[in-house]
Amino acid sequence: MRHVAQTSDAPLMLEIEKAEGVYLFDVSGKKYLDLISGISVSNIGHRHPAVLAAIRHQLDRYMHLMVYGEYVQSPQVQLASALSHNLPPSLNSVYFLNSGAEVTEAAMKLAKRISGKSEIIACYHSYHGSTQGALSLNSDEYFKNAFRPLLPDIRFIRFNNEEDLTLITEKTACIFIEPVQGEAGYLPAKKNYLKKLRARTNETGTLLIFDEIQTGFGRSGSLFAFEQYEVIPDMLMLAKGMGGGMPIGALIADRNQMQAFTNDPYLGHITTFGGHPVSCAAALAVLNELTASQLIKEVSAKEAMFRELLSHPFIRSISGRGLMLALEFDSFETNKKIIDRCIEKGLITDWFLFATNKLRISPPLTIIGEQIVWACSVINESISEICQ
Ligand SMILES: Cc1ncc(COP(=O)(O)O)c(C=O)c1O
């Protein structure tokens with residue numbers, strides 16, 4: 001506590017010695033089932049053997065060589081082409097970064113550079129990161145106020161509200177949106193809403209940017225959530241689950257647009273570590289595992305199990321899509337007590353930044369039926385102990 005900086009007065013303080021699959025083990029040997037994947041990162045489980053093998057293989061060849069883009073690094077080339085082959089033809093050029101917030105920063109810059117406009121729209125209660133540009137897209141004054149001045153020309157619209165689409169105009173460079181809002185408490189966009197949003201952005205010449213940093217890599221039940229909406233964004237943002245536990249993010253767009261970073265000014269966006277070869281090797285292993293296995297196909301059956309087994313009368317609602325689910329309680333206080341009780345019983349969960357009365361279910365996609373049954377029984381039991 002003295003030397004490692006903290007961001008709250010009450011960190012969980014679990015000291016984990018080892019992680020494997022869906023389990024974490026603390027220094028006393030206690031075993032925890034990880035229901036949040038830290039957060040939505042370990043989609044194929046902790047220390048997946050294919051990821052470990054890819055990392056080891058790359059470690060024996062080279063680690064960091066040069067700042068982004070100057071050398072040909074085969075792990076980047078292989079990953080960029082594999083991603084492109086899993087995406088519509090217009091999403092064919094990948095800019096690698098280290099984290100989600102950095103992807104947001106790059107997307108804002110690319111949108112401004114391409115459009116020549118500065119107005120950016122985001123949705124209320126969306127979360128795109130904590131750096132100053134990304135924080136400017138956060139609608140919550142509580143989190144922003146101490147850090148002003150932030151970016152000018154940012155406007156907010158209500159998520160899933162068709163009336164607010166008229167606030168997108170010819171002046172709007174781009175709109176950022178999560179197909180399933182994460183920190184708002186796992187709220188899926190309505191299909192018709194995203195279609196109308198696409199139509200409106202086409203009318204106004206506004207770039208549509210999907211933040212799939214939390215929905216990506218199978219979590220919503222398809223490799224990327226937008227596949228379920230018949231809507232193709234102009235830019236796609238990825239991070240979190242991408243690297244199987246290694247830090248990596250990506251901004252993906254059409255090559256003609258991405259080329260804008262090469263001129264006026266050249267070096268339009270630069271990074272030392274973005275696309276680190278070890279992270280890229282790990283990410284390729286994750287993508288191969290997800291596309292070759294049944295994991296994504298099984299997501300909706302696992303979702304159905306959670307929905308069926310979590311039927312306690314004190315749960316006000318269950319929202320979400322795939323293996324990103326949120327249980328709503330009457331208050332933060334109730335929720336916090338239930339979460340603490342679950343952790344005592346060896347089940348790790350938490351709440352949401354903008355929905356503190358909701359409990360998060362975002363386990364590794366590798367979770368199996370009997371683990372789901374156990375997790376649900378711990379949650380139901382904890383609710384009963386706290387609420388009755
Ligand atoms: C949807 C979404 N976008 C962006 C981010 C920021 O990612 P990072 O924490 O890697 O900067 C997050 C992190 O929670 C997120 O959920």
Side-chain angles (χ1 to χ4, degrees), residues 5-12 36 39-40 99-109 111-112 117-169 171-189 193 197 206-215 237 239-240 249 316-317 319-320 324 326 328-336 339 350-360 362:
Q6 303 296 324
T7 56
S8 96
D9 288 334
L12 276 173
I36 55 177
I39 286 168
S40 302
S99 67
E102 281 182 69
V103 177
T104 305
E105 299 294 334
M108 292 172 110
K109 283 175 69 181
K112 283 166 133 178
K117 305 183 229 175
S118 60
E119 183 181 274
I120 296 178
I121 292 187
C123 291
Y124 285 103
H125 307 307
S126 63
Y127 183 75
H128 302 291
S130 191
T131 51
Q132 291 192 72
L135 183 63
S136 306
L137 302 180
N138 185 326
S139 61
D140 192 321
E141 278 305 315
Y142 173 77
F143 290 108
K144 276 196 305 199
N145 212 15
F147 305 107
R148 288 191 184 282
L150 293 169
L151 282 184
D153 276 353
I154 308 290
R155 303 185 74 182
F156 295 98
I157 60 171
R158 287 169 291 176
F159 183 71
N160 267 339
N161 183 302
E162 290 184 16
E163 275 168 36
D164 281 10
L165 295 181
T166 56
L167 297 172
I168 302 168
T169 69
K171 287 195 196 135
T172 316
C174 64
I175 166 156
F176 284 78
I177 190 162
E178 300 159 83
V180 180
Q181 272 202 322
E183 294 316 296
Y186 291 161
L187 304 175
Y193 171 73
L197 173 61
T206 299
L207 292 156
L208 178 59
I209 305 176
F210 280 176
D211 179 343
E212 292 236 23
I213 287 169
Q214 203 162 158
T215 51
M237 296 165 49
K240 282 198 181 273
R316 291 194 162 181
S317 71
S319 63
M324 45 194 313
E328 183 192 353
F329 296 105
D330 64 345
S331 65
F332 169 67
E333 288 69 29
T334 306
N335 191 28
K336 173 79 170 65
I339 289 167
D350 73 346
W351 63 90
F352 297 83
L353 203 55
F354 306 124
T356 55
N357 63 334
K358 284 185 165 188
L359 180 148
R360 190 189 306 264
S362 181

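We number each residue from 1, following the sequence as shown.
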For residues [X] and [Y], report the shortest heavy-atom separation together with the two atoms involved.
X      : Y      : answer
Phe159 : Cys123 : CD1-SG, 4.0 Å
Asp350 : Ile339 : C-CD1, 3.5 Å
Ala101 : Thr131 : CB-OG1, 3.7 Å
Ala355 : Gly185 : CB-CA, 3.9 Å
Gln132 : Pro149 : OE1-O, 4.1 Å
Ile154 : Met108 : CD1-CE, 4.3 Å

Once side chain to side chain contact (heavy atoms under 4.5 Å, CB included) is applied, do any residues pair with [X], and if so which ones, sequence neighbours excluded?
X      : answer
Ser331 : Glu333, Thr334
Ala239 : Ile213
Ser8   : Ala10, Pro11
Glu328 : Arg316, Ser317, Asn357, Lys358

Kindly write out the residues that satisfy side-chain hydrogen bond (donor to acceptor under 3.5 Å, both in side chains) with [X], not counting sequence neighbours, or none if the list is empty.
X      : answer
Lys112 : none
Asn161 : none
Arg158 : Asp164
Thr215 : Glu212

Measure the acute angle between the ring planes of Phe143 and Phe354, then classify it against the limits of 30° and 60° as parallel, tilted or perpendicular. perpendicular

Which of parallel (below 30°), tilted (30 to 60°) and perpendicular (above 60°) describes Tyr124 and Phe156? tilted

Once rounded to the nearest 0.5 Å, what's the spacing between atom [atom1] of [X] and atom [atom2] of [Y]?
X      : Y      : atom1 : atom2 : value
Leu165 : Ile175 : CG    : CD1   : 7.5 Å
Thr172 : Leu208 : OG1   : CG    : 12.0 Å
Ile36  : Ser362 : CD1   : OG    : 8.0 Å
Asn138 : Ser136 : CG    : OG    : 9.0 Å
Ile157 : Glu163 : CD1   : CD    : 12.0 Å
Leu137 : Leu150 : CG    : CG    : 10.0 Å

Here the salt bridge (Lys or Arg N to Asp or Glu O under 4.0 Å) pairs for residues 124-143, sequence neighbours left out, are Glu141-Lys144, Glu141-Arg148

What pairs meet the salt bridge (Lys or Arg N to Asp or Glu O under 4.0 Å) rule with one or both residues in residues 177-186, with sequence neighbours excluded?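 Every salt bridge (Lys or Arg N to Asp or Glu O under 4.0 Å) pair that includes a residue of residues 177-186, provided the two are not neighbours, is Glu183-Arg360.
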
Verify, without hydrogens or angle tests, whether Ser139 (side chain) and His125 (backbone) share a donor-acceptor contact under 3.5 angstrom.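 Yes; at least one donor-acceptor contact below 3.5 Å.
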
Would you check if the side chain of Ser319 reaches a backbone N or O of Tyr186 as a donor-acceptor pair within less than 3.5 Å? yes

Quick check: do His128 and Val103 have side-chain heavy atoms less than 4.5 Å from each other? no

Evaluate side-chain contact (heavy atoms from CB on, under 4.5 Å) for Ile39 paired with Lys240, printing each intermediate quantity in order. CA-CA 8 Å; Ile39 286 168; Lys240 282 198 181 273; 4.1 Å; yes

Those residues that, when tested against Tyr127, pass ring-ring contact (aromatic ring centres under 6.0 Å, His included) (two or more places apart): none

Can you tell me if NZ on Lys171 sees more than 12 non-hydrogen neighbours from other groups inside 6.0 Å? no

With a 6.0 Å cut-off (strictly less than), is the heavy-atom count around CZ of Phe147, excluding the residue itself, greater than 12?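 No - once you tally the heavy atoms of other residues, nucleotides and ligands closer than 6.0 Å, there are 12 at most.
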
Does the pair Thr356 and Asn335 meet the rule for a side-chain contact (heavy atoms from CB on, under 4.5 Å), with working shown? CA-CA 8 Å; Thr356 55; Asn335 191 28; 5.8 Å; no

List for me each residue that meets salt bridge (Lys or Arg N to Asp or Glu O under 4.0 Å) alongside Glu105, sequence neighbours excluded, and say none if there are none.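 Expected list: none.
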
Of Thr206, Asn160, Ile177, which meets side-chain contact (heavy atoms from CB on, under 4.5 Å) against Leu197? Ile177

